[in-house]
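We use all heavy atoms of the structure for the numbers below, so side chains are in, but hydrogens, waters and symmetry mates are not.
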Amino acid sequence: MTKVVQPEDQYAGNSEYQSGLLRIRGMVCARCIDAVKNELTLAGFDVLDAQLGQVTLHDPLSSNDLDRIQSVLSKQGFSLLEGQQKVSIHQRTKTFVDAYFAQAVDLSESKMRVSTQIQNALGLDYDTISGQFTKTEGITLERYIILRRIDKVKEWLVYSDESLTEIAHRTGYSSVQHLSSQFRQQTGLTPSYFRQVRQQKKAVQQGTE
């Protein structure tokens, strides 16, 4: 049964809460999505969809629901975002970065830095965009871009037979050394070791199917 939000509820006029949409600070990876989904489900909420930075629940939300959700999220290091203008800048930035690194094309073909492309897309200066992103997301925009670029490197390591030199070029790194250094910083592994482990896991999974 769908809950009815009482008119006196302070969130009754918020269209996002009426639609069950939550915008959440701190969701930066697949594990974060799983953690948030699990915690909300355990708390009795019906999760329809979960993505980086947002979750959609089945029912509209009351202020009591939001208090419970905030309590659940805080235990895992997440929090609800507030302020629609801030959320708008943050979400537009995040959407652009995610779409940029989701491309199947060679990222080295771009003649402009990602930061310049973000500025052009949002029509704001980079300092404003970066500052707002950090406030709402809890990490710097620079680090978020690095994480998405590393995800792209992982994708090429797992699903292609290209050399590390070719992958570095395709993902926009200036050199293999730069890629390897940043990859180790973010994952604790070398690219070649990551490729070996992932290929071994794939082989095991295929062998059990």
Would the distance check show the side chain of [X] and the main-chain N or O of [Y] forming a donor-acceptor pair, the cut-off being under 3.5 Å?
| X | Y | answer |
| --- | --- | --- |
| Glu166 | Ser163 | yes |
| Arg25 | Thr136 | yes |
| Thr95 | Arg92 | no |
| Ser71 | Asp67 | no |

Original post:
Below 4.0 angstrom, N of the basic side chain to O of the carboxylate: do Arg170 and Glu162 qualify?
Top reply: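 Here Arg170 pairs with Glu162 in a salt bridge, since their nearest N and O are under 4.0 Å apart.
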**OP:** Considering only NZ, NE, NH1 and NH2 on the basic side and carboxylate oxygens on the acidic side, decide whether Arg148 and Asp151 come within less than 4.0 Å.
**Re:** yes
Original post:
Taking everything shown except Tyr126 itself, do over 12 heavy atoms lie less than 6.0 Å from its OH?
Top reply: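 Yes, OH of Tyr126 has more than 12 neighbouring heavy atoms, counting only those of other groups under 6.0 Å.
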Original post:
For atom CG of Asp125, is the number of surrounding heavy atoms from other residues, nucleotides or ligands below 6.0 Å larger than 12?
Top reply: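 More than 12 within 6.0 Å, yes.
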I need the [X] [atom1] to [Y] [atom2] distance, nearest 0.5 Å.
| X | Y | atom1 | atom2 | result |
| --- | --- | --- | --- | --- |
| Phe183 | Tyr193 | CZ | OH | 12.0 Å |
| Ile146 | Ile139 | CD1 | CD1 | 9.5 Å |
| Phe101 | Ile145 | CZ | CD1 | 6.5 Å |
| Lys37 | Asp34 | NZ | CG | 6.0 Å |

Single-linkage hydrophobic cluster [X]~[Y], side-chain heavy atoms < 4.5 angstrom:
| X | Y | value |
| --- | --- | --- |
| Tyr159 | Tyr173 | yes |
| Leu48 | Ile24 | no |
| Leu22 | Val72 | no |

Subject >> Partners meeting ring-ring contact (aromatic ring centres under 6.0 Å, His included) with Phe96 (sequence neighbours left out) >> reply: none
Subject >> Donor + acceptor pair across side chains of Arg149, Thr171 (<3.5 Å) >> reply: no
